[in-house]
Amino acid sequence: MIDDLDLGFDEPERGEKGRHRRSFVRKRNGGSGSGGRGKTFLALLMALLLLGGIGGGAFYGFDRIQNYFVTPDYDGGGSGEITVEIKSGALLADMADTLVAADVVKSQKAFIEAAEANSRSKNIQPGTYKLRKQMSGASAVTAMLDLKNKIVNGLTIPEGRTSMNIYKLLSEKTKIPVKDFQAAAKDPEALGVPDWWFKRDDGKKVVKSIEGFLYPDTYEIPPKATAESILKLMVDNFLSVTGEMKFADRVQKERKVSPYEALIVASLAQAEAGNKDDLGKVARVAYNRVYGEFPCNCLEMDVTVNYYLESTGQRTKSSKEMTAADMDNPKNPYNRKLPGLVPTPINNPGEQALKGAMAPPVGKWLFFVAIDKQGHSEFAETPEQHERNKAKAREAGII
């Protein structure tokens, strides 16, 4: 009978992300010292005797029991070289799983115990590392804390860049052809954009485009990244940022527009505002022109014309250079005189532009013009006020 045999194992307890951990502790029975050790030794001896009668499974059974007492671990600093990617948001258990799968460490337990014993382990960051195979848990932790082993391949995507411009930046950094990014971008939903984003409440036809969903940020590009995996990373970042600010819920509840329409407005604000302080006000102007009392209910923003020029391979122009034919081209779906919002976002807005479109300041402004070299604008409700503001801009040499 072995019902009363106490091998000294705790009940499984929950570890990180719901994983089970089993820990070994010494069971005490009112005493300490040799008494506790005696029980443990006796329990192990009885277990070995029991396994001895099992035959061929004895060594396998002993190995399993031994693992409860001794953490499976490699010795030393390992050999060879291997590249390992630690995903963003990874917990210690996730890191350990990745390292075990790559045969960097022998067991999850070896890495976790070494990390818990090193107060600096909290500084291990997501990214790609050059490590060795079959390292001890402690050696792996030490190596990941040494920045020399971290492959830095970062690229900053500025706010307000168009997808076409972003593909060029990514291609220059990764040497992946621009056409690969263009091909991957043809199906935004395959890159992770939920289908509910492509809905409009203004009655206009939905054009599914990746434009607007490539969130501007600094990205660590993995060495073996593909065009598809990079764009997915950017889309995932966009969804995280907008999810945290509850962008979709708030614009539907407070602005009474679809999230896609609000994203278009954010891109307009990002393109038109010369200063971050004016992002919300420019967004308010866009809402007022399209949904308010503006005579044509059109945007009348030159930036939409330039987006069309860039997307069709033409040279973009300043407002002074634009001709009537440029601004009022009937073949241009981004024509500044067409009623309503344009078919898609015209760039990829940052967090502040998104917030400006989500919660713009209250105002009846319909016009704005930059009045200083820092890009600050004056806003007006009437054409008369706007003309006075334009006079200020001329005096300052802005227009």
Side-chain angles (χ1 to χ4, degrees), residues 82-90 94 98 101-102 125-130 150-198 206-243 247 259-260 263-264 266-267 270-271 306-316 333-334 342-351 353-354:
I82 188 169
T83 300
V84 178
E85 181 186 359
I86 300 299
K87 302 287 188 182
S88 178
D94 301 313
T98 299
Q125 299 295 316
T128 304
Y129 293 84
K130 286 188 296 184
K150 193 167 188 286
I151 300 173
V152 178
N153 195 25
L155 173 64
T156 298
I157 303 297
E159 298 170 341
R161 296 297 180 96
T162 64
S163 59
M164 292 82 77
N165 188 275
I166 289 174
Y167 302 154
K168 291 176 183 176
L169 290 175
L170 291 171
S171 181
E172 289 169 3
K173 180 69 176 180
T174 65
K175 307 308 177 187
I176 298 172
V178 168
K179 63 182 178 60
D180 289 6
F181 291 102
Q182 292 172 327
K186 286 182 178 179
D187 188 352
E189 291 179 21
L191 294 176
V193 182
D195 62 352
W196 56 261
W197 266 98
F198 297 113
V206 173
V207 177
K208 294 185 178 182
S209 169
I210 198 63
E211 200 75 76
F213 298 99
L214 302 178
Y215 189 72
D217 204 343
T218 298
Y219 292 91
E220 190 77 18
I221 309 296
K224 296 180 181 179
T226 64
E228 184 179 13
S229 68
I230 294 171
L231 297 186
K232 279 184 176 180
L233 181 66
M234 300 178 75
V235 169
D236 185 62
N237 199 8
F238 169 87
L239 296 175
S240 295
V241 171
T242 54
F247 182 86
Y260 197 55
L263 180 59
I264 292 172
S267 74
Q270 188 76 74
N306 266 328
Y307 182 73
Y308 173 72
L309 293 175
E310 183 178 352
S311 65
T312 53
Q314 302 178 63
R315 183 179 68 85
T316 58
Y334 294 83
V342 289
T344 69
I346 63 169
N347 58 46
N348 294 274
E351 184 176 9
L354 290 165

Residue pair Phe213, Phe198: steps toward the ring-ring contact (aromatic ring centres under 6.0 Å, His included) verdict: CA-CA 11 Å; Phe213 298 99; Phe198 297 113; 5.6 Å; yes
Nearest heavy-atom pair of [X] and [Y]: which atoms, and what distance?
X      : Y      : value
Ala227 : Ile176 : N-CD1, 3.9 Å
Ser163 : Leu214 : CB-CD1, 4.1 Å
Leu263 : Phe247 : N-CZ, 4.0 Å
Pro345 : Gly212 : CB-CA, 4.0 Å
Ile157 : Met234 : CG1-CE, 3.9 Å
Tyr307 : Ile346 : CD1-O, 3.1 Å

Side chains of [X] and [Y], heavy atoms from C-beta outward: is any pair under 4.5 Å?
X      : Y      : value
Leu169 : Arg161 : yes
Val235 : Leu239 : yes
Tyr308 : Gln314 : yes
Trp196 : Pro259 : yes

Do Ser229 side-chain atoms and Ala225 backbone N/O form a donor-acceptor pair below 3.5 Å? no
Judged by atom type as modelled, is there a donor-acceptor pair below 3.5 Å linking the side chain of Thr242 to the main-chain atoms of Phe238? yes
Under the side chain to side chain contact (heavy atoms under 4.5 Å, CB included) rule, what do Leu233 and Asn237 come out as? Steps first, then yes or no, please. CA-CA 6 Å; Leu233 181 66; Asn237 199 8; over 6 Å; no
Could you state the interatomic distance from CD1 (Ile230) to OH (Tyr219), rounded to the nearest 0.5 Å? 11.0 Å
Derivation and outcome, side chain to side chain contact (heavy atoms under 4.5 Å, CB included), residues Glu220 and Lys150: CA-CA 11 Å; Glu220 190 77 18; Lys150 193 167 188 286; 4.2 Å; yes
Given Glu310, which partner from the list Asn165, Thr316, Thr162 fulfils the side-chain hydrogen bond (donor to acceptor under 3.5 Å, both in side chains) test? Thr162
State which residue, out of Thr344, Asn347, Asn348, fulfils the side-chain hydrogen bond (donor to acceptor under 3.5 Å, both in side chains) condition with Glu211. Asn348
So which pairs with a foot in residues 165-184 pass salt bridge (Lys or Arg N to Asp or Glu O under 4.0 Å), sequence neighbours left out? none
Determine, stepwise, if the pair Leu170 / Leu231 fulfils side chain to side chain contact (heavy atoms under 4.5 Å, CB included). CA-CA 10 Å; Leu170 291 171; Leu231 297 186; 4.1 Å; yes
Under 3.5 Å side-chain donor-acceptor pair for Glu228 and Thr226: no
Side chain to side chain contact (heavy atoms under 4.5 Å, CB included) between Tyr215 and Glu351: does it pass, once the steps are laid out? CA-CA 9 Å; Tyr215 189 72; Glu351 184 176 9; 3.2 Å; yes
